[in-house]
Amino acid sequence: MKKETKKQMLITIGIVLNVVGAFIAMTFSIPFYMDSIGTILVAGLLGPKYAMLTGVLGSLTSGVLFDVYSFYYAPVQLLTGFFAGILYHTAWLKGWKTIIGNILIAIPTSIASALITACLFQGITSGASSAIVVILHHFGMNLVMSIFVVQVLTDYTDKLIAVILTKLIIKRGKLEERWRM
């Protein structure tokens with residue numbers, strides 16, 4: 001199989017994983033997003049450039065199919081793809097350091113998500129985490145701080161699950177030997 005065909009297939013699989021993950025999270029009101037599993041998988045196999053493309057196309061696809069809010073969070077996927085693509089091939093996403101390395105993905109994405117959520121939506125989106133924002137704000141926390149706290153917790157959890165799943169998929173499927181380019 002040609003190298004370009006393999007890349008296109010992996011990007012398509014990544015987009016599908018992002019869209020299906022986001023749909024499951026939204027349908028079952030899971031308080032994290034599950035929309036970056038494919039982005040991080042592509043980051044691990046092809047690097048940041050293709051991961052960023054996968055993330056943005058996944059956001060746009062989700063936006064067209066079932067969640068209009070997803071359009072606005074495409075920049076978050078750019079950051080996810082960029083940082084995951086760089087960090088996946090360093091020691092920061094290996095062994096116990098994964099816990100720390102994941103912070104390097106979650107913090108920039110949390111900042112971007114919090115700014116988008118606060119500026120455009122005043123804290124309320126289609127995500128189940130909006131309920132937590134409302135509760136924190138109701139108990140006296142500043143709205144922007146409520147959003148940021150929730151984003152850090154949910155983004156960290158979301159990205160950690162995606163990184164762990166990606167590592168399992170790549171290792172168990174022996175994908176590095178078959179697909180890495």
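The structure presented is a predicted model; accordingly, all values stated were derived computationally and were not measured.
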Please determine whether residues F139 and F148 belong to a single hydrophobic cluster, defined as Ile, Leu, Val, Met, Phe, Trp and Tyr linked transitively by side-chain heavy-atom distances below 4.5 Å. no
For L79 and P108, work out which heavy atoms get closest and say how close. CD1-O, 3.6 Å
Got a sec, which residues hit salt bridge (charged side-chain N to carboxylate O under 4.0 Å, His left out) with D155, two or more places apart in sequence or on another chain? K159
Hey, any chance L60 and L53 share a hydrophobic cluster, counting ILVMFWY side chains that come within less than 4.5 Å of each other, even indirectly? yes
Closest heavy-atom pair and its distance - A43, G81: CB-O, 4.3 Å
Measure the shortest side-chain to side-chain distance between Y69 and S62 over non-hydrogen atoms and say whether it is less than 4.5 angstrom. no
Which residue in the set L153, V149, I147 passes side chain to side chain contact (heavy atoms under 4.5 Å, CB included) when paired with Q151? I147
Between H138 and I135, is there a side-chain heavy-atom distance shorter than 4.5 Å? no
Check whether D67 reaches the backbone of F23 with its side chain - one donor and one acceptor, N or O, closer than 3.5 Å. no
Mind checking the CG-CG spacing from N142 to L136? Nearest 0.5 Å is all I need. 11.0 Å
Do the non-hydrogen side-chain atoms of F71 and S59 ever get within less than 4.5 Å of each other? no
At what distance, to the nearest 0.5 angstrom, does CD1 of I107 lie from OH of Y156? 10.0 Å
Cluster check V163, L168: I/L/V/M/F/W/Y, side chain < 4.5 angstrom: no
Find the distance between CZ (F32) and CG (L160) and round it off to the nearest 0.5 Å. 10.0 Å
Distance col, row L17:CG vs S36:OG, nearest 0.5 angstrom, shows 10.5 Å
For a 4.5 angstrom cut-off between non-hydrogen side-chain atoms, does L93 reach L104? no
Y73 side chain reached by T117 side chain, heavy atoms, under 4.5 Å: yes
To the nearest 0.5 Å, how far apart are OH in Y72 and CG in L120? 7.0 Å
Report whether L41 and I86 are members of the same hydrophobic cluster (ILVMFWY, side-chain heavy atoms less than 4.5 Å apart, transitive linking). yes
Membership question, hydrophobic clusters at under 4.5 Å side-chain separation (ILVMFWY): are I105 and I164 in the same one? no
Rounded distance (nearest 0.5 Å) linking atom CD1 of I40 with atom CD1 of I169: 11.0 Å
Do the non-hydrogen side-chain atoms of Y88 and I170 ever get within less than 4.5 Å of each other? yes
If every non-hydrogen atom of G58 is compared with every non-hydrogen atom of V19, which pair is closest and at what distance? O-CG2, 3.7 Å
Using a 3.5 Å distance criterion without hydrogens, assess whether the side chain of T157 forms a donor-acceptor pair with backbone atoms of T154. no
Can you give me the closest heavy-atom contact between I37 and T166, atom names plus distance? O-OG1, 3.8 Å
Should D35 and Q77 be marked as a side-chain contact (heavy atoms from CB on, under 4.5 Å) after you check the CA-CA gap, both sets of side-chain angles, and the distance that decides it? CA-CA 9 Å; D35 64 348; Q77 286 286 359; 3.6 Å; yes
Are any side-chain N or O atoms of H137 and backbone N or O atoms of S146, one a donor and one an acceptor, separated by less than 3.5 Å? no
Please give me the minimum heavy-atom distance between S113 and V76, naming the atom from each residue. OG-CG2, 3.3 Å
Kindly indicate whether the side chain of T98, heavy atoms from C-beta on, has any atom under 4.5 Å from the side chain of K167. yes
Run through L10, V42, L45, T39 and flag the one making a side chain to side chain contact (heavy atoms under 4.5 Å, CB included) with Y50. V42
For P31 against I132, the heavy-atom pair lying closest together: CB-CD1, 4.4 Å
V133/L143 under side-chain contact (heavy atoms from CB on, under 4.5 Å): CA gap, chis, key distance, verdict: CA-CA 8 Å; V133 169; L143 180 62; 4.0 Å; yes
Considering only heavy atoms from C-beta outward, does the side chain of K7 approach that of L46 to under 4.5 Å? yes
After noting the C-alpha distance and the side-chain angles of K97 and T90, does the key distance pass the side-chain hydrogen bond (donor to acceptor under 3.5 Å, both in side chains) rule? CA-CA 10 Å; K97 287 186 179 180; T90 69; over 6 Å; no
